[in-house]
2 protein chains.
Amino acid sequence: MKHVTIKDVAKKLNLAISTVSRALNDKYDIRKETRELVLQTAQEMGYSPNPIARHLLKQCSNQIGVVIPEFINAFFPEVIIGIQEVVQKEGYQILIMQSYENAENELENIKTLESNMVDGLIVSLTKETKDVTYLKKLIDNGFPIVIFNRTNELLKTSTVLFDDYKWAFFATEHLILQGCKNIYHFMGTKNLTLSLNRKQGFLDAHKKYKMEVLPSQIIECGFMIHDGEREMEKLIQSKDIPDAIFAANDPSAIGAMKALKRNGYKIPEDVAIVGFTESKVADLIDPPLTSVAQPTNEIGQTAARLLLQQIRLKEGVFVPQTIVLNGALNIRSSSLKKI
Amino acid sequence: MKHVTIKDVAKKLNLAISTVSRALNDKYDIRKETRELVLQTAQEMGYSPNPIARHLLKQCSNQIGVVIPEFINAFFPEVIIGIQEVVQKEGYQILIMQSYENAENELENIKTLESNMVDGLIVSLTKETKDVTYLKKLIDNGFPIVIFNRTNELLKTSTVLFDDYKWAFFATEHLILQGCKNIYHFMGTKNLTLSLNRKQGFLDAHKKYKMEVLPSQIIECGFMIHDGEREMEKLIQSKDIPDAIFAANDPSAIGAMKALKRNGYKIPEDVAIVGFTESKVADLIDPPLTSVAQPTNEIGQTAARLLLQQIRLKEGVFVPQTIVLNGALNIRSSSLKKI
DNA sequence: TATTTTTCCGAAAACGTTTCCGAAAACGTT
DNA sequence: AACGTTTTCGGAAACGTTTTCGGAAAAATA
């Protein structure tokens, strides 16, 4: 199990360590024959370089850290696939840490990864994160960080976003055009920009059609199935039934559907439903869920590319970029009032 | 951004590096007052130890590698959550690599992680993996490795398994007791032990009820939605419609359901369906899918515990353990012929 | 032949730790 | 006072690389 080191190879060939290193790294200053010799014996002895030693010397780790709030909904795993596709090709590895939607864990994770000398971070904030001073400090110090989807206005760094406003607008408009008069919005937690944007889209769509929105139509909800289920159950108990729901994401929409079906309401006849952040499930459930599709894979790839770009330019001037990706509204039967 | 090192602290206090190190590590050989002093100034200067340097010296990285075939179905992410819950508490981090169900990638990933000095590996094999000599060599050399679910008989190391045979038997028996006479099995790829075990359960359940199984009743299928969809579509085209299907996992069952519904067949009236490896979706789709639930989180936790145990005992005698976890058959309407 | 240039290689430093070894000082015992 | 023991600290090696520097030998030039 003992690892063969460059030293072992050198000793075997009666060469200096530096010579072996040069041979392996294909540097100048080396005679062709010795290089061949070294390469061959290294191969035979099963030598493989020790990345840790190299990291120590180069002061970087060829690893990038990914900090995400959770791993349960399909969204983040899909983004990670995208990240990995880009990053792995370039010889980087990713360290993934979950924050479990908890701001303390998040801070802890970021610090751990930083002290582990990751070359950069890709982060999506917890729904509870309010204090971003540490992240801000890192960014101000020039540490490469890319944030996707869940961000905070204070963080001036490269960001990959989705046009939440636009697609929330379209989704709401779709419900209005279906003839819905009393649409409720299950919104995400308030301190995420995306929640505010989606709400604004909801509001502005109503404004376009001169429809008033009462405060009671907007319900702060979480992002999990049980959150949507809980809020819908509350509405049902208080006999306060809308004719449509625009949920901030698919799991909460699905939760609402579960509660409605359990209580004998028909979808979409009694209540039409539209979700957000298309998940694989949307197409499979009963009835199939109309939802805004986010390009999860592309989000990951873009974030990864931005990060690598930033890591590589090193001492140059860094200009934070914000890339807004496009989506689609997949209309299915959960929102089609008239067939 | 420059990291504060132990050297900086030493210089500031006019102490030797070794003294500072001792203070920080709370070793003997140090006077109380100097220790306090060092600790305080280190804190003030924002010192944090450099893990990379420590890894180089200690010849281990406090990281464990996780190699999984894919990330798309919910199963593996859920297992990873379990792994992380255990591992993170003990100060370890995980490096996750996907093999994309490709044996070459898998080997590459394992080598990368190994040369990266991970302290151990948690692996679930690709469905294509046939040659396990490299893994075997690692295991024989005493490198800590735990395998879960997808294994290979040649690998003598700690393993976390699910009793595939037993639950496939129960699942099939359930269909037989529903009165199904012509049950097809969408089995997983042949070189995975779990596929063979599930098939055997299927066969033995038939044997118990003195029912014959024709070779045509067993169809080799993949693990993804589109695999099940494709195979079912083939059956429909050739008018070869069973009265029930026992699929090797949920996604392939769901694929079969999609194809059946598209072609106007009723579930469970025309074809009853049972899946395997309960996913969140099972409860949400139409009709809700009867499925064998695997304790994904527990699988991950157990694997992690076994690995940490093996890592820690170091030079002691290592006895590979195989832990078989229990599951449950969640019966839902997709398999209930008579209501 | 003498001088310069080029080619090739070894020595050593560096990255940031930990730890072994030994030295100095403090202390206690005869 | 002489000696042994303990406490406290500094020096240096080690982990495995890469890279700079310098020097010897070979080759090219004068």
Side-chain angles (χ1 to χ4, degrees), chain A residues 1-39 41-42 45-63 91 112 114-119 314, chain B residues 1-39 41-42 45-63 91 111-119 314:
Chain A
M1 201 58 254
K2 180 68 179 58
H3 260 120
V4 179
T5 76
I6 207 174
K7 222 183 263 185
D8 301 323
V9 180
K11 197 178 291 171
K12 178 148 186 175
L13 292 175
N14 265 335
L15 282 173
I17 299 175
S18 46
T19 311
V20 178
S21 171
R22 269 186 294 250
L24 293 168
N25 293 304
D26 207 12
K27 281 285 172 61
Y28 35 94
D29 270 18
I30 183 97
R31 198 169 37 164
K32 196 147 194 158
E33 299 111 64
T34 45
R35 208 190 63 202
E36 303 283 321
L37 182 66
V38 170
L39 252 49
T41 37
M45 296 175 70
Y47 168 80
S48 76
N50 181 332
I52 306 249
R54 195 180 290 160
H55 298 164
L56 181 58
L57 195 64
K58 298 282 184 74
Q59 295 287 64
C60 68
S61 67
N62 266 41
Q63 294 176 336
T112 306
E114 183 214 356
S115 86
N116 232 294
M117 298 208 128
V118 292
D119 299 350
K314 282 287 172 199
Chain B
M1 202 57 254
K2 180 67 179 57
H3 259 121
V4 179
T5 78
I6 205 174
K7 222 184 264 185
D8 301 323
V9 180
K11 196 178 294 173
K12 178 147 186 176
L13 292 176
N14 265 336
L15 283 173
I17 297 176
S18 46
T19 311
V20 177
S21 171
R22 269 186 296 251
L24 294 169
N25 293 303
D26 207 10
K27 281 286 171 58
Y28 33 94
D29 270 20
I30 183 94
R31 198 169 35 161
K32 197 146 193 158
E33 301 110 62
T34 45
R35 208 190 65 201
E36 303 284 323
L37 182 66
V38 169
L39 251 48
T41 36
M45 296 176 70
Y47 168 80
S48 76
N50 181 333
I52 307 251
R54 195 180 289 161
H55 299 163
L56 180 59
L57 195 63
K58 297 284 185 74
Q59 296 286 62
C60 68
S61 67
N62 264 40
Q63 292 176 337
K111 284 185 179 170
T112 305
L113 288 170
E114 183 215 356
S115 86
N116 232 296
M117 300 208 128
V118 292
D119 299 350
K314 282 287 174 200

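So you know, we letter chains A, B, ... as the sequences are listed, proteins then strands, and number each from 1.
- Rounded to whole angstrom, the span from the CG atom of B:L13 across to the P atom of D:dG10 amounts to 10 Å.
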Determine all donor-acceptor pairs shorter than 3.5 Å in which one atom belongs to a side chain in residues 53-62 of chain A; sequence neighbours excluded.
| unit_1 | atom_1 | unit_2 | atom_2 | d |
| --- | --- | --- | --- | --- |
| A:H55 | ND1 | A:P51 | O | 3.4 |
| A:H55 | NE2 | A:P51 | O | 3.4 |
| A:H55 | NE2 | A:S61 | O | 3.0 |
| A:S61 | OG | A:Q63 | N | 3.2 |
| A:S61 | OG | A:M117 | O | 2.6 |
| A:N62 | ND2 | A:G91 | O | 3.3 |

- Item | Candidate pair B:T19 and B:V38, rule side-chain contact (heavy atoms from CB on, under 4.5 Å), full reasoning | CA-CA 9 Å; B:T19 311; B:V38 169; 5.5 Å; no
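- For B:I30 and B:Q59, each mapped to the nucleotide of DNA chain D holding its nearest heavy atom, the one lying further toward the 5' end belongs to B:I30.
- With a cut-off of 3.5 Å on both pairing distances, the Watson-Crick and G-U wobble pairs of DNA chain D assemble into stems of 3 or more at C:1-30 with D:1-30.
- Going from atom CD of B:E36 over to atom P of D:dT8 covers 13 Å, rounded to whole Å.
- Closest non-hydrogen pair, B:A42 versus B:L24, comes out as CB-CD2, 4.0 Å.
- Contact annotation for B:I52: no contact, since no heavy-atom pair falls under 4.0 Å across all strands.
- Heavy atoms of A:P49 sit under 4.0 angstrom from primed sugar atoms or phosphate atoms, though from no base atom.
- Using a 4.0 Å heavy-atom distance criterion, B:L57 is classed as a base contact.
- Among the atoms of the strands shown, only primed sugar atoms or phosphate atoms (P, OP1, OP2) are found under 4.0 Å from some heavy atom of A:N50.
- Note on A:S21: a side-chain N or O is less than 4.0 Å away from OP1 or OP2 of D:dT18.
- In this structure, B:I17 and A:K58 both approach DNA chain C, and ranking their closest nucleotides by distance from the 5' end singles out A:K58.
- The separation between A:K32 atom NZ and D:dA26 atom P is 21 Å, rounded to whole Å.
- When the side-chain nitrogen and oxygen atoms of A:R54 are compared with OP1 and OP2 of D:dT18, one or more of them lie within a distance under 4.0 Å.
- At a threshold of 4.0 angstrom between heavy atoms, the contacts of A:D8 with the nucleic acid are absent.
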- Taking it one step at a time, do A:H3 and A:N50 satisfy side-chain contact (heavy atoms from CB on, under 4.5 Å)? CA-CA 9 Å; A:H3 260 120; A:N50 181 332; over 6 Å; no
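- Backbone-only engagement by A:S48 is indicated by non-hydrogen atom pairs under 4.0 Å involving sugar-phosphate atoms exclusively.
- Running 5' to 3' along DNA chain C, contacts with non-hydrogen atoms of chain A at under 4.0 Å begin and end at C:dC8 to C:dG16.
- No donor-acceptor pair under 3.5 Å is formed between the side chain of A:N116 and the backbone N or O of A:V118.
- D:dT7 atom P lies 15 Å from atom CD of B:E33, rounded to whole Å.
- When distances are taken from the side chain of B:R22 to each of D:dG10, D:dT8, D:dT17, the shortest belongs to D:dG10.
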